[in-house]
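Every chain is numbered from 1 and lettered A, B, ... according to where its sequence line falls, protein lines coming before strand lines.
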4 protein chains.
Amino acid sequence: MARKKIDKTDAILQAALKVFAEHGFNGAQISKIAKEAGVADGTIYLYFQNKEDILTTVYRTTLTGFTQLLTDRLKETLNADAAIHAICEILFTFMEENVHIAYLNIVELRQHPMELRKEISQYTSPFFRLIEDVLQKGKEEGAFRPNLEVKHARRLLFGAMDQVISSWLISGRKYSLTSLIESTTEFLIKGLK
Amino acid sequence: MARKKIDKTDAILQAALKVFAEHGFNGAQISKIAKEAGVADGTIYLYFQNKEDILTTVYRTTLTGFTQLLTDRLKETLNADAAIHAICEILFTFMEENVHIAYLNIVELRQHPMELRKEISQYTSPFFRLIEDVLQKGKEEGAFRPNLEVKHARRLLFGAMDQVISSWLISGRKYSLTSLIESTTEFLIKGLK
Amino acid sequence: MARKKIDKTDAILQAALKVFAEHGFNGAQISKIAKEAGVADGTIYLYFQNKEDILTTVYRTTLTGFTQLLTDRLKETLNADAAIHAICEILFTFMEENVHIAYLNIVELRQHPMELRKEISQYTSPFFRLIEDVLQKGKEEGAFRPNLEVKHARRLLFGAMDQVISSWLISGRKYSLTSLIESTTEFLIKGLK
Amino acid sequence: MARKKIDKTDAILQAALKVFAEHGFNGAQISKIAKEAGVADGTIYLYFQNKEDILTTVYRTTLTGFTQLLTDRLKETLNADAAIHAICEILFTFMEENVHIAYLNIVELRQHPMELRKEISQYTSPFFRLIEDVLQKGKEEGAFRPNLEVKHARRLLFGAMDQVISSWLISGRKYSLTSLIESTTEFLIKGLK
DNA sequence: TATGAATGAGGGTTCATTCAT
DNA sequence: CATGAATGAACCCTCATTCAT
């Protein structure tokens with residue numbers, strides 16, 4: 001029973017991720033999501049409060065999963081430079097393997113009223129904190145310059161990588177995203193020295 | 001007469017910029033824009049084809065103005081490093097002085113159907129080309145590393161700066177954006193070496 | 001279930017017939033039709049594509065029904081003169097019993113862009129062909145004059161009857177339409193001899 | 001001055017006739033009529049009360065002119081049969097020479113709320129009375145059958161001719177209307193005997 | 001739980017009419 | 001008299017949400 005409930009919730013979230021990514025929040029009708037999930041329109045409201053709740057949940061589960069993945073991987077890294085490399089590698093690989101999430105990110109992350117955006121940023125912050133931890137440790141280890149403002153640096157890092165991903169998507173994914181890991185990492189690490 | 005027409009066009013564009021920035025494209029009702037501009041709903045359609053046309057025009061005028069400003073300023077720069085500094089300075093200063101444009105940028109730039117997005121990218125590309133020119137020249141001058149892929153580097157640069165601006169806006173502009181010019185420039189230039 | 005769907009489709013068509021007949025296509029607001037049908041505005045769009053689709057469907061069902069009725073009746077007629085009489089009788093009787101259809105006919109039949117008109121003429125042509133068949137057979141049987149141009153004669157016939165109906169409606173139906181069957185038939189048959 | 005006023009009134013009426021005929025009442029925007037007439041939108045309201053007033057006036061002037069023409073011609077006819085022939089000839093010839101009026105007739109004559117239609121029928125009645133006079137005289141002369149109900153016969157006559165004109169227009173005027181005078185007249189006269 | 005038919009508020013756009021110049 | 005910019009009411013259609021089954 002509980003199992004069934006999770007299955008259906010999942011089906012809806014999967015469907016929503018796809019439809020949101022393809023059409024954006026406004027272009028994603030509930031009926032489209034329902035059809036994609038193989039349930040009735042009304043059923044969706046048994047699992048979610050409203051359309052916004054679906055989007056929020058999609059973000060939460062997605063980002064939680066990604067953050068967990070990154071956390072695990074960072075434990076294996078030996079030094080700050082390797083950690084930066086790992087972050088970029090994990091991010092690019094993950095996006096190349098989960099294109100819907102990548103699209104959702106650029107299509108939706110920036111288009112909402114401040115209110116909703118704050119709700120969403122709640123789920124990005126663990127990811128951001130991971131980056132900041134790496135930067136902080138790198139600073140303490142002497143790998144990065146001592147006057148580095150960690151939060152600001154995190155924004156520069158994330159912004160740069162995010163833009164690379166966006167451009168790749170907008171181009172229609174005509175080239176490999178992971179092939180850009182090395183050159184991107186070089187830029188980032190040098191910038192932090 | 002002609003003067004009056006320009007005035008009204010301008011009033012509508014100003015209003016539209018504000019309302020689009022505050023509510024996004026979908027949340028911006030024509031009636032809201034009209035009220036803000038101090039005209040009747042129908043009047044807007046004497047100056048613009050439709051809602052999309054307003055957004056497009058806002059982008060065009062806005063970005064054209066900014067690009068012109070940047071072009072002029074870049075002529076005065078002596079070397080590649082100074083040019084990078086100038087780009088960041090002009091961008092941050094402009095955004096701090098034109099908050100609506102800044103908001104519009106993060107709220108709208110990425111949320112539209114591909115068709116409209118291509119229309120818009122038409123107006124961002126001159127700006128991007130300016131950055132690329134600087135990078136190319138810097139490469140040739142030996143200021144940046146020789147294996148730099150110009151387009152990719154432009155994305156890294158723009159993404160990093162863009163994210164700094166976004167974060168500043170999302171924070172509610174609680175700190176000064178221009179105060180971040182130096183630290184941002186340092187990151188960018190080092191990354192390019 | 002299916003039953004219910006048909007009922008609602010029918011209710012909307014009935015309402016539409018009435019409202020179209022009273023106000024014409026342009027004067028017939030969807031909300032008026034919805035109210036008359038006892039449904040919400042949006043419900044109409046669950047059964048029809050758009051306003052035009054409603055009108056088209058009204059015509060189709062209406063004219064199909066009438067043509068069927070006439071076809072059946074014509075099978076029983078013995079000669080050409082009787083057939084002409086039957087056509088007039090069926091037409092006048094039908095219109096007297098279905099006033100809305102009569103009104104719709106004169107209010108709407110001729111007022112639309114060519115495109116829509118062609119769509120509609122699709123449903124009138126079976127009726128016209130029935131008349132033409134009668135005329136052709138009458139010609140062959142020697143009941144009508146041999147140099148009769150069938151299509152032209154059909155227009156004369158239909159026009160004459162149609163005008164009688166129109167005048168009757170415009171008069172406010174102050175007299176009986178069916179009482180004019182004999183005199184009308186006499187005119188038509190003599191004209192064809 | 002007075003002359004000028006008439007000129008402009010005329011220009012507007014000519015333009016309105018054309019635009020109404022081409023697009024129907026609802027499809028005929030005031031701005032279209034104004035442009036066609038070579039005046040400003042507002043100017044139209046110096047000469048007419050509103051859009052409906054323009055249509056009404058177009059009908060009045062048009063039909064008055066035609067009725068006058070017919071009156072003159074009927075004076076020359078020697079007998080009832082010749083008069084019927086004359087009516088058909090004048091009507092078909094006039095319509096072939098004034099296509100806009102012909103179109104206006106079928107596009108508009110039947111599409112209006114009863115109120116407006118009665119206003120218009122005011123201007124058609126002189127024409128109808130002319131036909132009725134011919135029929136009455138023919139009855140008295142013994143040219144037509146004695147039990148002929150004049151009004152009813154007029155409707156049959158007019159309806160038949162009107163339909164021939166309509167079909168001709170709808171066909172795109174691919175054949176000559178006047179070539180149908182003889183066959184039409186034959187039908188009408190025989191029907192009246 | 002699940003369904004999907006029904007709801008009805010909301011919004012972009014048109015265009016007859018007005019009025020300041 | 002003439003202009004045409006401005007007005008704003010009106011209307012078709014969409015779609016998130018509800019609720020009877």
Side-chain angles (χ1 to χ4, degrees), chain A residues 1 4-5 8 12 25-35 37-54, chain B residues 1 4-5 7-9 12 25-35 37-54, chain C residues 1 4-5 7-9 12 25-35 37-54, chain D residues 1 4-5 8 12 25-35 37-54:
Chain A
M1 196 73 86
K4 209 171 172 184
K5 180 153 186 172
K8 203 151 277 189
I12 294 169
F25 185 76
N26 288 292
Q29 293 98 317
I30 288 290
S31 60
K32 240 185 245 167
I33 296 174
K35 194 177 214 177
V39 301
D41 291 20
T43 305
I44 288 188
Y45 288 85
L46 298 175
Y47 295 87
F48 298 93
Q49 304 266 333
N50 51 36
K51 202 177 162 187
E52 203 174 294
D53 184 30
I54 305 175
Chain B
M1 194 77 83
K4 209 170 174 180
K5 184 150 189 173
D7 285 357
K8 203 150 278 188
T9 303
I12 294 169
F25 185 75
N26 287 292
Q29 293 100 317
I30 288 291
S31 59
K32 238 183 251 170
I33 297 174
K35 192 177 230 177
V39 299
D41 290 21
T43 304
I44 290 191
Y45 290 86
L46 297 176
Y47 296 88
F48 299 93
Q49 303 270 332
N50 50 37
K51 201 178 162 185
E52 202 173 296
D53 185 30
I54 305 175
Chain C
M1 193 78 84
K4 209 170 177 182
K5 183 152 191 172
D7 285 357
K8 201 148 279 188
T9 304
I12 294 169
F25 183 76
N26 287 292
Q29 294 99 317
I30 289 290
S31 59
K32 237 184 251 170
I33 296 174
K35 191 178 233 177
V39 299
D41 290 22
T43 305
I44 291 191
Y45 290 87
L46 297 176
Y47 295 88
F48 299 93
Q49 303 270 333
N50 50 38
K51 203 177 161 187
E52 203 173 295
D53 185 30
I54 305 175
Chain D
M1 196 73 86
K4 210 169 169 185
K5 178 153 187 172
K8 203 151 278 189
I12 294 169
F25 185 74
N26 287 294
Q29 293 97 316
I30 289 289
S31 60
K32 240 185 244 167
I33 297 174
K35 193 176 215 178
V39 300
D41 291 21
T43 305
I44 289 188
Y45 288 86
L46 298 175
Y47 295 88
F48 299 92
Q49 305 266 332
N50 51 36
K51 201 177 161 187
E52 202 174 295
D53 185 29
I54 305 176

Q. Mapping C:Ala28 and B:Val39 to their closest nucleotides on DNA chain F, which lands nearer the 5' end?
A. B:Val39
Write down the distance between [atom1] ([X]) and [atom2] ([N]), rounded to a whole number of angstrom.
X       : N      : atom1 : atom2 : result
D:Gln29 : E:dT13 : CD    : C1'   : 13 Å
D:Ile33 : F:dG4  : CD1   : C1'   : 16 Å
B:Ile54 : E:dG12 : CD1   : P     : 9 Å
D:Asp53 : E:dA16 : CG    : P     : 15 Å
D:Lys35 : F:dA2  : NZ    : C1'   : 18 Å
C:Asp7  : E:dA6  : CG    : P     : 10 Å
B:Phe48 : E:dT14 : CZ    : P     : 15 Å
D:Ile44 : F:dG4  : CD1   : P     : 12 Å

**Q.** Listed partners of B:Gln29 passing side chain to side chain donor-acceptor pair (under 3.5 Å), at least two apart
**A.** B:Lys32
Q.
Work out how far the P atom of F:dT21 is from that of E:dT1, and round it to whole angstrom.
A. 22 Å
Under-3.5 Å N/O pairs linking protein and nucleotides 17-19 of chain E:
{"unit_1": "E:dT17", "atom_1": "OP2", "unit_2": "D:Tyr45", "atom_2": "OH", "d": "2.9"}
{"unit_1": "E:dT17", "atom_1": "OP2", "unit_2": "D:Lys51", "atom_2": "N", "d": "3.1"}

**Q.** A:Lys8 side chain near E:dA2 phosphate (N/O to OP1/OP2, under 4.0 Å)
**A.** yes
(Q) Going by side-chain contact (heavy atoms from CB on, under 4.5 Å), name the residues that satisfy it together with D:Asp53, two or more places apart in sequence or in a different chain. (A) D:Phe48, D:Gln49, D:Asn50, D:Thr57
Q) Measuring from B:Ser31:OG to B:Lys35:NZ, what's the distance to the nearest 0.5 Å? A) 8.0 Å
Q. What distance do C:Thr43 atom OG1 and C:Ile12 atom CD1 have between them, rounded to the nearest 0.5 Å?
A. 7.0 Å
Q) If you check the D:Tyr47 side chain, which of F:dC12, F:dC1, F:dT3 turns out closest? A) F:dC1
Q) Which atoms form the tightest heavy-atom contact between A:Phe25 and A:Lys51, and what is the distance? A) O-NZ, 2.7 Å
Q.
Show the nearest heavy-atom pair for residues A:Ile33 and A:Ile44, with the distance to one decimal.
A. CG2-CD1, 3.9 Å
Q | Where DNA chain E forms stems, i.e. three or more consecutive Watson-Crick or G-U pairs with both distances under 3.5 Å | A | E:2-21 with F:2-21
